[in-house]
Amino acid sequence: MDTSHLREDYRKGQLVESAAPADPLALFREWLSEAIAAGLPEPYAMTLATATADGVPSARIVLLRLADESGFSFYSNYTSRKGAELAANPHASLLFYWAVLERQVRVEGAVERMAAAESDAYFSSRPYDSRIGAWASPQSAVIEDRAMLDQLDTPAIIIA
């Protein structure tokens, strides 16, 4: 399918550098607040791009859980594909895209795990069914049968 003839006239979301806060995190928080106020579905959803140790990229959508001076936090399973890639190559890129507002934010940088107590507290705060699902399902892996699920241990949670 050729989409080269399709065009949009982007005029909604302007970034005037002289009017923007000096702190990029402050601008991000402002834009995220506007996306939330606009009622956009899951405005805290972001594309997470990782790469293997050999540099083979992959991307998926994850949910932002905290953005502060220490970084952008999300939670994931240590043994998932993204967890393995982040362990082997602790650098990532995030992309927030709010099409209706004609805005996007890119974040690039080093990744590190948060303290186990913090990730455990988050995991415990999740609804029961969500915790059971995370515990029972090995992310990014094919589940052959019920017996495989019955043999699994509780997966660890990471944040990057």
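Numbering starts at 1 and runs along the sequence shown. Computed from a prediction, not measured in an experiment: that's the story for all the values here.
Between Ala110 and His91 the shortest heavy-atom distance is CA-CD2, 4.1 Å. A pairwise comparison of heavy atoms in Ala51 and Asn89 identifies O-CB, 3.3 Å as the closest pair.
Of the possible polar contacts, none joining the Trp98 side chain to the Leu40 backbone as a donor-acceptor pair under 3.5 Å is found. Checked by atom type and distance alone, the side chain of Ser80 pairs as donor or acceptor with a backbone atom of Gly83 at under 3.5 Å. Remark: side-chain polar atoms of Arg29 are paired, donor with acceptor, to backbone N or O of Ala67 under 3.5 angstrom. Judged by distance alone, the side chain of Arg103 and the main-chain N or O of Val100 form no donor-acceptor pair under 3.5 Å. Using modelled atom types, no side-chain atom of Glu108 and backbone atom of Leu94 make a donor-acceptor pair closer than 3.5 Å.
No continuous path of ILVMFWY side-chain contacts below 4.5 Å connects Leu66 to Val107, so the two sit in separate hydrophobic clusters. Taking hydrophobic clusters as Ile, Leu, Val, Met, Phe, Trp and Tyr residues chained together by side-chain heavy-atom distances below 4.5 Å, Leu25 shares a cluster with Met46. The hydrophobic clustering, which links ILVMFWY residues whose side-chain heavy atoms are closer than 4.5 Å, places Leu101 and Leu32 together. Transitive grouping of hydrophobic side chains (ILVMFWY, heavy atoms separated by less than 4.5 Å) brings Leu64 and Leu27 into a common cluster.
A donor atom on one side chain and an acceptor atom on the other are not found under 3.5 Å apart for Thr52 and Asp54. For Lys82 and Thr50, the side-chain atoms include no donor-acceptor pair closer than 3.5 Å.
In this structure, Arg106 places its CZ atom where only 12 or fewer heavy-atom neighbours from other residues, nucleotides or ligands lie under 6.0 Å away.
A distance of 8.0 Å separates CE in Met1 from OG1 in Thr3, rounded to the nearest 0.5 Å. Distance check: Ser76 OG to Leu48 CG gives 8.0 Å after rounding to the nearest 0.5 Å. Separating the CE atom in Met114 from the CD atom in Glu112 is a distance of 9.5 Å, to the nearest 0.5 Å.
Here Arg60 pairs with Glu85 in a salt bridge; the nearest charged N to carboxylate O distance falls below 4.0 Å.
Taking the centre of each ring, Phe72 and Phe28 come in below the 6.0 Å mark.
When side chains are defined from C-beta on, Tyr75 counts as touching Arg65, because their heavy atoms get closer than 4.5 Å. In this structure, the side chains of Leu63 and Phe74 stay at 4.5 Å or more apart for every pair of heavy atoms. By the 4.5 Å heavy-atom criterion applied to side chains, Arg81 and Ser58 are counted as neighbours.
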